[in-house]
Amino acid sequence: MLQQQPIAGNGPMSGRGLGLNAAAGMHPMNSVHPTSQHRSDGESGLEGSENGHESRRDIGDILQQIMTITDQSLDEAQAKKHALNCHRMKPALFSVLCEIKEKTGLSMRNAQEEEPPDPQLIRLDNMLLAEGVAGPEKGGGAAAAVSAATSSGGMSPDSSLEHSDYKTKLSQIRTIYHTELEKYEQACNEFTTHVMNLLREQSRTRPVSPREIERMVGIIHRKFSAIQTQLKQSTCEAVMILRSRFLDARRKRRNFSKQATEGLNEYFYSHLSNPYPSEEAKEELAKSCGITISQVSNWFGNKRIRYKKNIGKFQEEANIYAMKTAIGATQQSEDSPHTPNSTD
DNA sequence: TCGTATGATTGTGT
DNA sequence: ACACAATCATACGA
């Protein structure tokens with residue numbers, strides 16, 4: 001009769017009771033209401049009432065399960081894991097853990113991650129845009145520019161042909177640039193998706209907050225944009241080389257038109273004693289010959305030195321132009337005999 | 001293909 | 001800023 005009691009006291013309730021008490025002992029909140037264990041047998045119904053007591057029991061429950069999880073078999077653990085995952089208190093715990101994680105370590109880097117726009121990247125972008133490599137496809141725009149240049153600047157007809165060669169090469173660079181850029185973008189997206197999926201998967205069992213995922217995505221994007229910067233840089237270099245090869249005026253030397261050379265020679269030989277045209281004279285010559293003032297200066301510079309170096313060679317030319325001016329002078333004097341001729 | 005002509009550039013001096 | 005001299009790189013004719 002008497003022997004029953006102590007044995008019965010250690011019955012099926014013991015595991016749970018001990019567990020709860022142990023958990024309650026670890027959790028400061030539960031120690032306030034030790035009476036809550038009275039409800040241990042009221043599992044059916046009455047859940048809506050007395051919410052405070054309920055949640056305290058729940059937390060204790062979860063913690064207890066966590067504490068004992070290492071003692072369980074794999075299947076058991078999986079089942080427990082699933083149960084924990086589905087537990088209604090899980091989101092709350094999850095957010096607390098995320099918060100703690102935010103406050104430690106990882107968040108330190110957050111402050112300096114505010115990216116200042118890279119000035120070098122902006123320069124590269126601007127240049128690529130200016131060269132027509134980046135930005136929208138320009139079909140009519142370039143053609144219009146070329147035709148405008150040809151019509152306004154008295155360019156020889158084949159210069160536009162060579163310009164189109166330049167354009168072809170440029171569009172090749174453009175195509176390569178865009179394919180590469182697209183490739184990088186695709187790789188970046190794939191990688192980002194992969195990492196995001198991975199982190200989302202992990203976030204079911206680990207405190208990985210959406211913010212952390214976002215941050216990781218940011219890091220990946222920065223890495224890829226660094227690669228893109230390199231691509232832009234090498235594209236810029238290629239364009240510069242192309243420019244220097246095709247648009248360098250020295251390589252594209254064209255002889256002046258016959259009329260232009262004639263006009264220049266006329267002035268030169270009629271001012272042989274002082275072949276230094278004034279600023280106004282240069283302007284006048286430039287206009288009449290359809291060349292620039294600096295081209296006039298270059299021409300006179302070359303002419304003076306080459307004439308001086310070999311007067312004999314230029315004698316014939318000198319005679320021809322002397323004759324021309326003489327004829328011009330006689331005609332002029334015939335027109336108006338009173339005007340004295342003074343050619344230099 | 002080669003030699004010469006020629007326009008442009010560079011370095012130097014004033 | 002300009003002139004000169006040397007040089008470059010292409011144009012052009014034989």
Side-chain angles (χ1 to χ4, degrees), chain A residues 123 126-128 130-133 142-174 233-328 342-344:
Chain A
R123 269 217 321 278
N126 285 342
M127 204 204 124
L128 290 173
E131 295 296 333
V133 175
V146 169
S147 72
T150 332
S151 62
S152 72
M155 283 166 111
S156 42
D158 65 346
S159 86
S160 67
L161 243 172
E162 286 170 36
H163 202 103
S164 81
D165 193 18
Y166 168 77
K167 266 179 62 191
T168 314
K169 290 262 164 50
L170 192 66
S171 81
Q172 273 173 17
I173 292 176
R174 193 192 151 89
Q233 205 154 16
S234 52
T235 307
C236 272
E237 269 168 39
V239 171
M240 292 312 274
I241 290 165
L242 189 70
R243 268 181 85 89
S244 69
R245 273 209 56 205
F246 278 85
L247 298 185
D248 186 350
R250 187 152 99 174
R251 290 174 186 276
K252 302 226 62 35
R253 185 178 70 77
R254 308 262 72 196
N255 289 355
F256 295 154
S257 70
K258 207 145 194 184
Q259 296 98 302
T261 317
E262 216 154 292
L264 293 163
N265 271 319
E266 250 170 59
Y267 188 98
F268 181 78
Y269 287 111
S270 61
H271 300 76
L272 205 50
S273 61
N274 185 34
Y276 297 90
S278 65
E279 208 52 51
E280 294 86 65
K282 277 184 191 171
E283 232 171 283
E284 194 66 37
L285 281 165
K287 209 187 258 178
S288 66
C289 299
I291 56 178
T292 67
I293 292 173
S294 65
Q295 280 178 310
V296 173
S297 300
N298 284 338
W299 190 92
F300 273 89
N302 284 322
K303 191 72 182 180
R304 280 192 298 264
I305 193 85
R306 283 163 186 165
Y307 180 83
K308 197 180 84 179
K309 260 188 177 170
N310 195 347
I311 296 175
K313 202 175 76 184
F314 287 91
Q315 202 53 61
E316 203 182 331
E317 194 178 65
N319 289 339
I320 291 165
Y321 282 99
M323 284 250 279
K324 271 190 185 176
T325 40
I327 291 163
S342 57
T343 38
D344 44 277

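Lettering follows sequence order; numbering is per chain, from 1.
- Straight-line distance from the NZ atom of A:Lys258 to the P atom of B:dG7: 13 Å, rounded to whole Å.
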Just the atom pairs and distances: protein N or O near nucleotides 3-5 of chain C's N or O, under 3.5 Å.
residue : atom : partner  : partner atom : Å
C:dC4   : OP1  : A:Tyr276 : OH           : 2.1
C:dC4   : OP2  : A:Tyr276 : OH           : 3.4
C:dC4   : OP2  : A:Arg304 : NE           : 2.5
C:dC4   : OP2  : A:Arg304 : NH2          : 3.2
C:dA5   : OP1  : A:Lys308 : NZ           : 2.8
C:dA5   : OP2  : A:Lys308 : NZ           : 2.8

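- For B:dG7, neither phosphate oxygen OP1 nor OP2 lies less than 4.0 angstrom from any side-chain nitrogen or oxygen of A:Gln295.
- Between A:Lys282 and A:Pro277, the shortest heavy-atom contact is CE-O, 3.6 Å.
- By the 6.0 Å contact criterion, CD on A:Glu284 is open, its count of non-hydrogen atoms from other residues, nucleotides or ligands being 12 or less.
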Checklist entry - Can you check side-chain contact (heavy atoms from CB on, under 4.5 Å) on A:Cys289 and A:Leu264, steps first, answer last? => result CA-CA 8 Å; A:Cys289 299; A:Leu264 293 163; 4.1 Å; yes
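- One atom, CG of A:Leu264, and another, C1' of B:dG7, lie 11 Å apart when rounded to the nearest Å.
- With sequence neighbours excluded, the residues that form a side chain to side chain contact (heavy atoms under 4.5 Å, CB included) with A:Ser294 are A:Thr292.
- Once rounded to the nearest 0.5 Å, the distance linking CD of A:Glu266 with OG1 of A:Thr325 reads 7.5 Å.
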Under 3.5 Å, N/O pairs linking protein and nucleotides 4-6 of chain B:
residue : atom : partner  : partner atom : Å
B:dT6   : O2   : A:Arg253 : NE           : 3.0
B:dT6   : O2   : A:Arg253 : NH1          : 3.2
B:dT6   : O2   : A:Arg253 : NH2          : 3.1

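- In this structure, A:Glu316 places its CD atom where only 12 or fewer heavy-atom neighbours from other residues, nucleotides or ligands lie under 6.0 Å away.
- At a threshold of 4.5 Å between non-hydrogen side-chain atoms, the residues A:Tyr269 and A:Lys324 do not count as touching.
- Between A:Tyr307 and A:Phe268, the distance from one ring center to the other falls under 6.0 angstrom.
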